[in-house]
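Beneath this line is the structure, given in structure tokens, with notes to follow.
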Amino acid sequence: MDKYDFKTIEQKWQKYWEENQTFHAEIDKSRPKFYALIEFPYPSGQGLHAGHPRPYTAMDIIARKRRMQGYNVLFPIGWDAFGLPTENYAIKNQIHPKTVTESNIAMFTRQCKSFGWSFDWGREVDTTNPDYYKWTQWIFLQLFKHGLAYKKEMAVNWCTECKVVLANEEVVAGECERCSGAVVRKEKSQWMLKITEFAQDLIDGLADVEYPERVKQSQINWIGRSTGAEVNFDTSEGDILRVFTTRPDTLFGATYMVIAPEHPYIDKWQSSLKNIDEIRAYAEKAARKSDFERSEIIKEKSGVKLDGVTAINPVNNAEIPIFISDYVLMSYGTGAIMAVPGHDKRDHEFAKMFGLPIIEVVSGGNVETEAYEDIDEGVMVNSAFLNELSVSEAKSAITAWLKENNKGEKKINYKLRDWVFSRQRYWGEPIPVIWCEKCGWVAVPEEQLPLMLPEIDNYMPTDTGESPLSTLESFINTTCPTCNAPAKRETDTMPQWAGSSWYYLRYADPQNAAEFVSKEALEYWLPVDWYNGGMEHTTLHLLYSRFWHKFLFGTDKVNTPEPYLKRTAHGMILGEDGQKMSKSRGNVVNPLELIENFGADSLRLYEMFIGDFEKTAKWSKDGIKGCKRFLDRIFALEDMLEAEDDGHYSADLCNLMHRTIKKVSEDIEQLKFNTAIAAMMSFLNEVYSKGKINRAELRDLLILLSPFAPHIASEMYEKLDIGAIHEETWPDFDPELCVFDEIEIVLQVNGKIKSRLMTASDTDKDALLAAAHADEAVTAAIAGKEVVKEIVVPGKLVNIVVKM
RNA sequence: GCCGCCGUGGUGGAAUCGGCAGACACAAGGGACUUAAAAUCCCUCGGUAGCAAUACCGUGACGGUUCAAGUCCGUCCGGCGGCACCA
């Protein structure tokens with residue numbers, strides 16, 4: 001019985017689109033452009049999973065609609081192909097990563113094409129292609145030349161499983177984001193990118209882009225701006241210990257100081273410190289702990305008092321002790337704090353433990369039992385000239401005082417750290433710099449790019465933490481581009497985030513051999529108009545790429561301050577058990593099997609119908625049936641098509657048709673795909689109850705459906721013999737025809753529905769009230785009672801309020 | 001602890017500005033067709049009471065504002081995501 005032969009239809013149209021390059025975009029200044037972007041996939045060996053089709057189909061729907069709205073649409077696809085999983089797979093199976101990548105890309109290409117997404121396959125990029133990574137290296141060199149890339153010996157996050165350094169953003173709860181391996185601290189010399197230089201720009205830029213509030217908030221929190229002051233404390237050693245505080249108002253309550261275990265003053269003061277051995281032992285113990293271990297024992301404060309060195313509180317000249325403790329981090333502020341136990345929980349806890357004095361400087365709490373941190377209520381006490389001021393008044397007063405007396409100044413700090421950019425693995429872009437004993441780090445000359453990743457046999461990671469490239473003499477040994485002396489190449493590679501930090505630029509001009517992107521292409525296509533991706537990239541890829549873009553903008557390489565005008569974020573698709581899909585849980589849904597059984601159109605429709613696009617959704621294996629059923633019924637509309645047709649909607653369906661166009665058009669823009677589909681289902685139900693549809697109605701229904709289910713829509717449209725559906729214009733609706741002539745008015749007494757009334761939609765207030773009073777159920781309900789109030793909302797209801 | 005999001009039938013989820021709670025589907029039950037099954041079509045489908053018309057209850061809990069609250073405000077409970085000794 002199955003007349004809807006989706007397999008044949010889908011293959012036919014996928015072939016058609018490919019042969020005709022239907023979705024290939026070229027610069028055309030006569031038309032407005034629209035740049036739709038999805039996060040390009042990492043071509044893993046597992047192939048597409050059920051999570052991929054959700055965002056891809058969503059942007060495909062937007063792209064297809066925009067084309068029908070007259071836009072010149074750029075909707076590209078490519079491969080984010082460097083990275084660890086490929087390398088690990090390669091090692092395990094003794095196949096070169098390059099070969100693995102090639103076959104994975106071939107598989108992904110085949111799979112993507114079976115969904116019928118309208119990508120411009122002529123603009124494919126591959127981050128592992130030397131023609132591409134040449135420009136990734138080039139951008140790195142621009143950063144390097146502007147002093148924004150530097151090498152630094154530092155404690156890094158070291159994944160013991162992957163044997164690689166991780167960026168702060170890649171460490172999740174003390175574990176490796178990828179493999180969940182333990183992360184420990186390790187001293188290593190690393191390439192760093194100065195993203196911190198752009199901290200303020202990255203916050204400010206958010207004001208000019210359309211991102212979901214939750215994305216903006218996450219980025220702002222991650223950057224972590226806080227305003228306060230730096231304050232100088234004189235020490236008994238005659239030098240100055242500088243601290244950062246957000247509460248300079250509480251300076252009179254500072255009863256001791258704490259410095260980080262790694263603080264350089266320990267060395268400086270060592271001859272005066274009577275308990276230097278104890279201090280060193282504590283510092284060493286702290287250094288050995290991983291970040292995870294440090295946070296594990298969060299409840300227990302520990303520390304050592306410096307015996308022999310004290311500090312002077314600048315506001316009252318009180319002599320106060322100094323401690324070292326691992327609750328103070330060297331990497332934030334100045335690595336030293338003034339401790340105010342009366343008004344900071346951590347300081348309070350520490351003070352209780354070491355029996356240190358607690359002074360109340362803001363009234364309102366009981367500082368002996370608990371730190372009082374409220375800043376909105378309470379006034380200053382025990383604070384000399386600050387007394388009786390509010391907290392915020394005291395902040396500005398003390399900041400001014402500090403400046404006047406040369407004891408400190410206003411200061412803004414950020415939690416954001418510089419980006420650790422080195423990876424000790426093989427499968428990444430070589431960092432194009434050379435170490436010369438005489439000249440230091442020297443850039444590889446741009447004309448020598450790309451610096452090719454050499455073909456090697458052994459790309460196993462090493463336990464020493466050196467890159468596999470470090471043993472390859474032919475690669476390492478070179479000459480200094482500046483002085484020609486023998487020199488050595490950097491052997492670390494870039495992180496996976498490098499290639500994805502600028503790929504949206506390359507899409508505009510993917511084959512350009514002379515520039516990373518031409519000016520003309522930039523000016524026409526950029527910025528990206530709509531970028532959809534996952535929440536998990538908010539503080540990774542999304543922040544990194546904004547950083548690179550802002551750098552390129554600042555150096556006149558791109559023409560807009562922000563890369564993406566609008567960002568939306570889809571929810572994840574979970575397995576049927578409500579858990580994240582994973583092989584080990586056995587709850588993985590294979591989308592290719594579903595295409596086999598139900599067709600790509602049904603799967604596309606179901607992924608959009610499953611629920612609110614922006615929220616996580618649980619997979620249900622039965623849900624797709626309803627979508628398939630819907631398409632079966634659509635296909636059968638051919639049998640209901642009326643022979644005669646005057647080119648207009650029938651009187652029966654005109655109203656509903658306009659409302660459906662309105663609903664579908666507006667819902668797509670708001671990512672409410674589920675209700676857009678529901679509206680089409682309702683329309684179809686109405687057609688079925690009438691048993692007939694005319695050509696004008698079927699034509700526009702198919703156009704509305706085509707972004708969601710392009711194969712079946714194209715096929716049925718072809719039979720109408722009025723052209724190709726992808727060249728059609730998106731239908732308009734007439735707002736006047738969207739309203740009903742007659743509507744139902746609810747008649748309430750004391751807010752309870754007593755009756756309903758069909759009336760002309762433009763009936764005025766007086767007439768509605770009169771009609772209500774004429775209604776039997778209403779009159780019965782108000783009989784013998786005093787009418788207190790009468791509320792009439794035209795088009796909605798009448799509510800009569802009576803007293804009992 | 002902080003930031004953000006969310007709690008609606010058996011299930012996924014609808015519900016512009018506060019104005020008919022449960023659209024649209026899935027599952028389930030009943031019926032038609034069929035030798036039978038699948039598919040398809042029709043009907044029922046939040047709870048309680050009732051033969052019924054109908055009445056009352058019902059959007060995590062409790063309060064508040066309002067003629068009217070899933071929606072706004074307050075307090076609490078539960079879940080999810082992110083950050084987390086950031087001074």
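Heavy-atom basis, side chains included; hydrogens, waters and symmetry copies ignored.
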Quiz item: Reckon A/E790 touches a base, only the sugar-phosphate, or nothing at all at heavy-atom distances under 4.0 Å?
Solution: nothing
Quiz item: Of the nucleotides B/G19, B/G4, B/A87, which one has an atom closest to the side chain of A/F244?
Solution: B/A87
Exercise. Ignoring hydrogens and angles, answer whether the base of B/C85 and the side-chain atoms of A/K301 contain a donor-acceptor pair closer than 3.5 Å.
Key: yes
Quiz item: Do the side-chain N or O atoms of A/S226 get closer than 4.0 angstrom to the phosphate oxygens (OP1, OP2) of B/A87?
Solution: yes
Quiz item: Below 4.0 angstrom from OP1 or OP2 of B/C67, is there any side-chain N or O of A/K789?
Solution: yes
Exercise. Examine the side chains of A/S602 and A/Y4 and answer whether a donor and an acceptor come within less than 3.5 Å of each other.
Key: no
Self-check item: Salt-bridge criterion met for A/E409 and A/R242 (N-O under 4.0 Å)
Solution: yes
Quiz item: Counting distance only, does the side-chain N/O of A/D347 pair as donor-acceptor with the main-chain N or O of A/G342 below 3.5 Å?
Solution: no
Practice problem: Could you check A/Y256 against A/F350 for ring-ring contact (aromatic ring centres under 6.0 Å, His included), going step by step and ending with a plain yes or no? | Solution: CA-CA 10 Å; A/Y256 65 100; A/F350 191 87; 5.5 Å; yes
Quiz prompt | Closest to side chain of A/K615, choosing from B/A23, B/C85, B/C6 | solution = B/C6
Quiz item: Expressed as a whole number of Å, how far does the P atom of B/G31 sit from that of B/A36?
Solution: 14 Å
Practice problem: Using a 4.0 Å heavy-atom cut-off across all strands, classify A/I753 as base, sugar-phosphate, or nothing. | Solution: sugar-phosphate
Quiz item: For B/G63, is chi within 90° of 0 (syn) or not (anti)?
Solution: anti
Practice problem: Classify the side chain of A/N799 and the base of B/C67 as holding, or not holding, a donor-acceptor pair under 3.5 Å. | Solution: yes
Quiz item: A/S682 near the nucleic acid: base, sugar-phosphate alone, or nothing, with a heavy-atom cut-off under 4.0 Å?
Solution: sugar-phosphate
Quiz item: Is the base of B/C20 syn or anti, if syn means a glycosidic angle within 90° of 0?
Solution: anti
Self-check item: Closest to side chain of A/D612, choosing from B/A14, B/A87, B/C67
Solution: B/A14
Exercise. Indicate, with a heavy-atom threshold strictly under 4.0 Å, whether A/Y414 touches base, sugar-phosphate, or nothing.
Key: nothing
Practice problem: Using the P atoms only, state how far B/G22 lies from B/U75, rounded to an integer number of Å. | Solution: 32 Å
Quiz item: Under 4.0 Å between a side-chain N or O of A/R633 and OP1 or OP2 of B/C41?
Solution: yes
Exercise. Would you check if there is a donor-acceptor pair between the side chains of A/E39 and A/H537 at a distance under 3.5 Å?
Key: yes
